[in-house]
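All values below were derived from every heavy atom in this structure, side-chain atoms included, with hydrogens, water molecules and symmetry-related copies excluded.
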Amino acid sequence: MKTIRVLVACGAGIATSTVVMKKVEDLFARNDMPVEITQIKIAEAAGKQDEADMLISTTMLPTQYKIPAISAMAFLTGIGTEKVENQIIEAAKGIQ
């Protein structure tokens with residue numbers, strides 16, 4: 001099974017992306033899917049998208065990307081978490 005390369009982005013690339021990164025790691029582990037996660041600032045996303053399969057962000061997406069880009073604010077608010085988890089897993093299955 002292919003390792004999914006995920007960019008986890010927030011405004012500064014430190015605080016909220018750390019929280020989301022852990023939740024994404026757990027989500028992939030529960031679904032027996034190998035993942036490689038890189039924390040970034042959202043400003044770096046466009047330049048790093050060629051090195052990744054998916055972008056998960058805790059902030060507004062400033063542009064369109066060539067890879068699936070998923071808003072993960074639900075991981076911070078606790079509202080709609082299951083929907084976001086399903087979006088992430090479905091996108092990952094499409095990459096496999």
Side-chain angles (χ1 to χ4, degrees):
M1 183 176 283
K2 178 182 189 252
T3 297
I4 306 294
R5 299 168 303 161
V6 177
L7 299 175
V8 175
C10 68
I14 301 167
T16 59
S17 60
T18 301
V19 172
V20 172
M21 186 175 81
K22 177 66 174 138
K23 293 183 187 249
V24 171
E25 284 175 347
D26 293 346
L27 175 63
F28 276 83
R30 285 195 314 268
N31 286 274
D32 294 319
M33 300 173 101
V35 67
E36 176 185 303
I37 301 174
T38 304
Q39 273 181 274
I40 62 167
K41 297 176 189 152
I42 192 64
E44 300 173 293
K48 292 188 177 280
Q49 65 182 327
D50 289 336
E51 307 161 19
D53 299 307
M54 182 186 313
L55 170 64
I56 299 173
S57 176
T58 64
T59 188
M60 295 293 294
L61 299 170
T63 187
Q64 294 287 323
Y65 299 96
K66 296 183 269 185
I67 58 176
I70 298 168
S71 173
M73 282 300 297
F75 287 146
L76 303 176
T77 65
I79 299 167
T81 304
E82 187 175 325
K83 181 180 176 187
V84 173
E85 287 180 344
N86 289 338
Q87 287 178 322
I88 292 168
I89 293 303
E90 286 307 309
K93 286 178 181 175
I95 294 162
Q96 297 287 333

Between [X] and [Y], is any pair of side-chain heavy atoms under 4.5 Å apart?
X: V84; Y: F75; answer: yes
X: I88; Y: F28; answer: yes
X: D53; Y: I67; answer: no
X: L55; Y: K48; answer: no

- Under 3.5 Å, is there a donor-acceptor pair between the Q39 and S17 side chains? yes
Heavy-atom closest pair, residues [X] and [Y]:
X: A92; Y: M33; result: CB-CE, 3.6 Å
X: M73; Y: T58; result: SD-O, 2.7 Å
X: K41; Y: G11; result: CB-O, 3.9 Å
X: I37; Y: E25; result: CD1-CG, 3.3 Å
X: I42; Y: P62; result: CG1-CD, 3.6 Å
X: A69; Y: L61; result: CB-CD1, 3.7 Å

Next item on the list: Give a yes or no on whether E51 atom CD has more than 12 heavy-atom contacts from other residues, nucleotides or ligands under 6.0 Å away.
Entry: yes
[atom1]/[X] to [atom2]/[Y] distance, rounded to the nearest 0.5 angstrom?
X: T3; Y: E36; atom1: OG1; atom2: CD; value: 7.0 Å
X: N31; Y: K93; atom1: CG; atom2: NZ; value: 7.0 Å
X: L76; Y: T16; atom1: CG; atom2: OG1; value: 5.5 Å

- Using the salt bridge (Lys or Arg N to Asp or Glu O under 4.0 Å) rule, take K22 and D26 through it: C-alpha gap first, then chi angles, then the decisive distance, then the call. CA-CA 6 Å; K22 177 66 174 138; D26 293 346; 3.0 Å; yes
